[in-house]
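What follows is a short report on a single structure.
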Amino acid sequence: MDRQRQSESRRNLSEVNVVVVADSTASNGRLLHLHALSTDSASLPNANEQMSRWSTLVLAYKTLGVVFGGLVTSPLYVYPSMPLKSPTKEDYLGIYSIMFWTLTLIGVVKYASIAIKADDHGEGGTFALYSLLCRHVNIGILSSKRVSSNSSLSHSVHEGTGKKSRLGIFFESSIVARRVLLFVAILGTCMLIGDGILTPAISVLSAMDGLRAQFHSVSKSLVEALSAVVLVVLFLLQKFGTSKVSFLFSPIMAAWTLSTPLVGIYSIIHHYPSIFKAISPHYIFHFFWRNGKEGWLLLGGTVLCITGSEAMFADLGHFNQRSIQIAFLFTIYPSLVLTYAGQTAYLIKNPNDHDDGFYKFIPTAVYWPIFIIATSAAVVASQSLISATFSVIKQSVVLDYFPRVKVVHTSNSKEGEVYSPEVNYILMILCVAVIIIFGDGKDIGNAFGVVVSLVMLITTILLTLVMIIIWKTPPVLVALYFSMFFVMEGVYVSAVGTKIYEGGWIPFAISFMLAVIMFGWFYGRQRKLEYELTHKITLERLIGLLSYPGVQRVPGLCLFYTNIQDGFTPILGHYIKTMKSLHKVTIFTTLRYLLVSKVAPHERIIIKKLGLKGVYGCVIQYGYADSLNLEGDDFVSQVTNSLHMHLQGCLDGLTYDPVEIQEEISDLEQAKQAGVVHVIGKTRFHVGKSCRWFDRIMLAFYEVMHNNCRSALPALGVPLQQRIEVGMLYEA
């Protein structure tokens with residue numbers, strides 16, 4: 001049941017016959033599976049509906065262990081992170097009112113109701129928002145710009161239909177605006193990775209600090225050492241995958257989510273039963289009226305009550321919208337509201353205990369059970385941002401924003417579940433370093449506040465663009481959304497900005513390093529692509545090279561990897577001149593990542609004739625949520641099967657000579673039997689004296705990264721003995 005598409009549906013390939021083929025087994029398997037589902041749903045709708053509800057509830061349960069760990073454990077460090085000075089009852093009521101409305105507006109309204117719907121085919125996060133914009137409007141300056149030269153797939157890259165908005169037209173026409181948008185997306189990504197470093201550090205350190213409350217002889221250094229050991233163990237567990245980790249961790253988070261509000265209710269009854277009057281917003285106005293600048297500075301601590309909420313959006317690839325919404329609205333949100341209410345009620349009666357605002361409000365009878373649950377929950381809290389970091393790094397790698405690192409898919413059913421060994425160990429080292437160097441929880445809290453507020457603000461900006469450009473939301477609703485959240489989060493950013501010198505510089509340093517790596521990698525890749533496009537070999541030039549004395553067409557099948565489709569890579573000329581040969585069947589193969597989450601199976605492999613006998617072009621397309629993990633023989637079989645179908649389609653048509661096509665089919669079979677080789681270029685820049693100082697620095701930095709990153713071929717499972725690397729210097 002292989003699918004064929006004729007060339008008339010491809011604007012730039014009208015002169016050739018194109019066959020678009022996926023793995024027929026997988027494709028047919030999906031079709032049969034869907035057919036079986038439709039049959040079952042017709043006969044047993046109630047059973048299917050019940051199974052769907054049950055699976056959603058199971059997923060919702062698993063989210064407790066992955067998505068909401070950072071958010072639901074925030075009571076451990078919110079009050080201790082606030083620089084309170086002789087607080088009064090009215091101050092605590094105002095602080096609780098701020099936290100309640102922050103959780104309600106940002107947690108319930110923004111993330112659980114709006115942002116979660118702005119997914120890119122099931123993927124979330126700042127890069128997903130950016131790629132969503134790039135797919136609907138031509139505003140990308142990286143991979144989307146590169147692939148737009150081949151308009152055969154323009155329908156899958158830019159999906160926007162109808163009249164474009166003025167804002168979309170502005171971004172398309174302004175390179176400065178597009179660069180600013182890219183910078184904002186990169187900054188959001190870097191901040192989220194910084195969040196993945198700080199969440200484990202502050203969560204585990206705050207939980208372990210409970211030892212000092214009961215045993216005054218326990219030193220601060222011992223607490224830091226124990227916290228570091230716990231984190232090392234957590235990172236070593238990551239290789240087993242999100243599903244196994246979440247199933248193990250979810251019972252712990254369920255115990256935490258249920259126990260802390262119960263303690264909160266107990267505290268409310270015994271200390272201040274009328275605490276919920278603070279829900280009235282007028283307590284917020286009174287708080288700022290009384291405290292002025294001091295009240296504004298306290299926002300740097302209150303913002304931590306919503307920390308980890310970005311994972312609700314960034315972890316969409318691991319779960320789904322409905323499961324995350326159910327878990328948040330029916331368990332996490334009520335738990336946080338009651339826990340903070342209980343903490344505040346206790347502090348109203350004991351106003352000077354705010355430096356240990358969590359453990360002091362725990363009744364003595366349940367102190368140690370809560371301590372054990374809190375320590376375990378803090379470990380789980382780290383999981384949510386670690387999982388989100390893996391997802392974001394994978395998106396960055398496949399979109400060519402970040403050097404290639406090993407990405408392992410830990411689930412056969414969920415493409416979003418990934419693990420990167422290199423990233424995992426780097427995160428582990430940085431987390432332990434943060435604890436050892438900045439052991440004071442307040443310093444880490446200051447850094448954490450910067451990350452939390454900036455990531456929320458960037459999401460608000462990108463989501464506003466999605467509303468205007470893609471959703472075509474009425475201007476009144478866009479203005480209401482933007483004014484509410486931009487002002488609210490902008491005030492939070494201004495408050496935490498004063499903490500730069502008190503630990504807030506940590507995420508900026510991390511983000512700056514990541515941004516330099518991303519920009520350096522992008523700059524080098526762009527310069528390399530520009531050189532290849534400028535010095536590409538035309539078909540006429542290839543025919544001339546093959547006519548040189550001594551150059552032969554040798555038996556065998558060669559997959560020659562290239563980054564360009566309009567012409568041949570300059571490495572080809574160097575290869576022919578050096579090897580004095582070209583295989584009888586040569587397929588110029590391009591691995592193309594599109595700014596989409598997933599490429600439809602029937603659009604995965606595109607084959608075309610290049611006007612010379614035995615020479616073909618092949619484009620293998622993947623989205624950033626697709627897997628490239630194929631075995632070498634399976635990969636070659638898919639490509640040759642697609643080529644065979646393409647030639648068979650040419651044979652059925654009237655454009656080509658049937659005898660010539662039959663010869664090419666025979667040559668393909670003989671070439672495959674003779675042996676397969678994979679040729680990839682190993683290029684370097686030659687930086688001459690005429691280069692600018694900026695090029696010297698950036699290209700040297702790129703070469704260091706390129707020499708130490710992974711090759712694209714191992715992801716295809718290409719055997720080492722079939723691989724040929726052709727070295728060549730590019731003039732910078």
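When reading the values below, keep in mind they use all heavy atoms of this one structure, side chains included, and skip hydrogens, waters and symmetry mates. What you see is a predicted model, and the numbers here were worked out from it, not measured in a lab.
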Take atom NZ in K277; do more than 12 heavy atoms of anything else shown fall under 6.0 Å from it? yes
Atom OH of Y367: over 12 foreign heavy atoms under 6.0 Å: yes
Option among V72, L71, T63 that satisfies the side chain to side chain contact (heavy atoms under 4.5 Å, CB included) test with F328: L71
Please name the pair of heavy atoms, one in [X] and one in [Y], separated by the smallest distance, quoted to 0.1 Å.
{"X": "W296", "Y": "V491", "answer": "NE1-O, 3.8 Å"}
{"X": "A341", "Y": "I268", "answer": "CB-CD1, 3.6 Å"}
{"X": "S309", "Y": "M456", "answer": "OG-SD, 4.4 Å"}
{"X": "A377", "Y": "I252", "answer": "N-CG2, 3.7 Å"}
{"X": "A374", "Y": "Y359", "answer": "CB-OH, 3.6 Å"}
{"X": "L336", "Y": "L103", "answer": "CD1-CD2, 3.8 Å"}

Determine whether [X] and [Y] make a side-chain contact, defined as any pair of heavy atoms from C-beta on separated by less than 4.5 Å.
{"X": "L258", "Y": "S335", "answer": "no"}
{"X": "S453", "Y": "L457", "answer": "no"}
{"X": "F486", "Y": "T464", "answer": "no"}
{"X": "I324", "Y": "Y111", "answer": "no"}
{"X": "I469", "Y": "L133", "answer": "yes"}
{"X": "I362", "Y": "V263", "answer": "yes"}
{"X": "P363", "Y": "H270", "answer": "no"}
{"X": "Y481", "Y": "L463", "answer": "yes"}

Enter the distance from [X]:[atom1] to [Y]:[atom2] here, rounded to the nearest 0.5 Å.
{"X": "M428", "Y": "L234", "atom1": "CE", "atom2": "CG", "value": "10.5 Å"}
{"X": "L514", "Y": "L187", "atom1": "CG", "atom2": "CG", "value": "10.5 Å"}
{"X": "L299", "Y": "L304", "atom1": "CG", "atom2": "CG", "value": "11.0 Å"}
{"X": "L198", "Y": "I510", "atom1": "CG", "atom2": "CD1", "value": "5.5 Å"}
{"X": "N291", "Y": "K85", "atom1": "CG", "atom2": "NZ", "value": "11.5 Å"}
{"X": "F100", "Y": "L93", "atom1": "CZ", "atom2": "CG", "value": "14.0 Å"}

I would like to know whether T102 and V303 meet side chain to side chain contact (heavy atoms under 4.5 Å, CB included); could you show each step before the answer? CA-CA 8 Å; T102 299; V303 72; 5.9 Å; no
With ring pair (Phe, Tyr, Trp, His ring centres under 6.0 Å) as the test, would you mind laying out the steps for Y283 and F287 before giving the verdict? CA-CA 6 Å; Y283 283 95; F287 173 78; over 10 Å; no
Just do the side-chain hydrogen bond (donor to acceptor under 3.5 Å, both in side chains) check on T104 and Y333 with the steps written out, would you? CA-CA 8 Å; T104 303; Y333 176 70; 2.6 Å; yes
Which salt bridge (Lys or Arg N to Asp or Glu O under 4.0 Å) pairs, counting each pair once, include a residue from residues 94-110, with sequence neighbours left out? K110-E489
May I have all residue pairs that pass salt bridge (Lys or Arg N to Asp or Glu O under 4.0 Å) and include part of residues 281-306, sequence neighbours excluded? D91-R290
Would K117 and Q321 count as a side chain to side chain contact (heavy atoms under 4.5 Å, CB included) here? Give the steps. CA-CA 7 Å; K117 295 180 180 178; Q321 293 182 15; 4.1 Å; yes
Using atom types as modelled and distance alone, determine if a side-chain donor or acceptor of [X] lies under 3.5 Å from a backbone N or O of [Y].
{"X": "Y272", "Y": "K89", "result": "no"}
{"X": "S74", "Y": "T307", "result": "no"}
{"X": "S174", "Y": "F170", "result": "no"}
{"X": "S267", "Y": "A345", "result": "no"}
{"X": "N350", "Y": "Y346", "result": "yes"}
{"X": "S203", "Y": "P200", "result": "no"}
{"X": "T260", "Y": "T339", "result": "no"}
{"X": "W101", "Y": "I279", "result": "yes"}
{"X": "N352", "Y": "S86", "result": "no"}

Can you confirm whether or not the ring centre of H354 sits under 6.0 Å from the ring centre of Y79? no
Is the Y96-Y92 ring centre distance short of 6.0 angstrom? no
F358: which of Y77, F371, W256 passes ring-ring contact (aromatic ring centres under 6.0 Å, His included): W256
Could you go through V423 and T389, starting from their C-alpha distance and side-chain angles, then the distance that decides it, and tell me whether this counts as side chain to side chain contact (heavy atoms under 4.5 Å, CB included)? CA-CA 9 Å; V423 174; T389 301; 4.3 Å; yes
Output, in order, the C-alpha distance, side-chain angles, deciding distance and verdict of side chain to side chain contact (heavy atoms under 4.5 Å, CB included) for F361 and L347. CA-CA 8 Å; F361 105 106; L347 291 173; over 6 Å; no
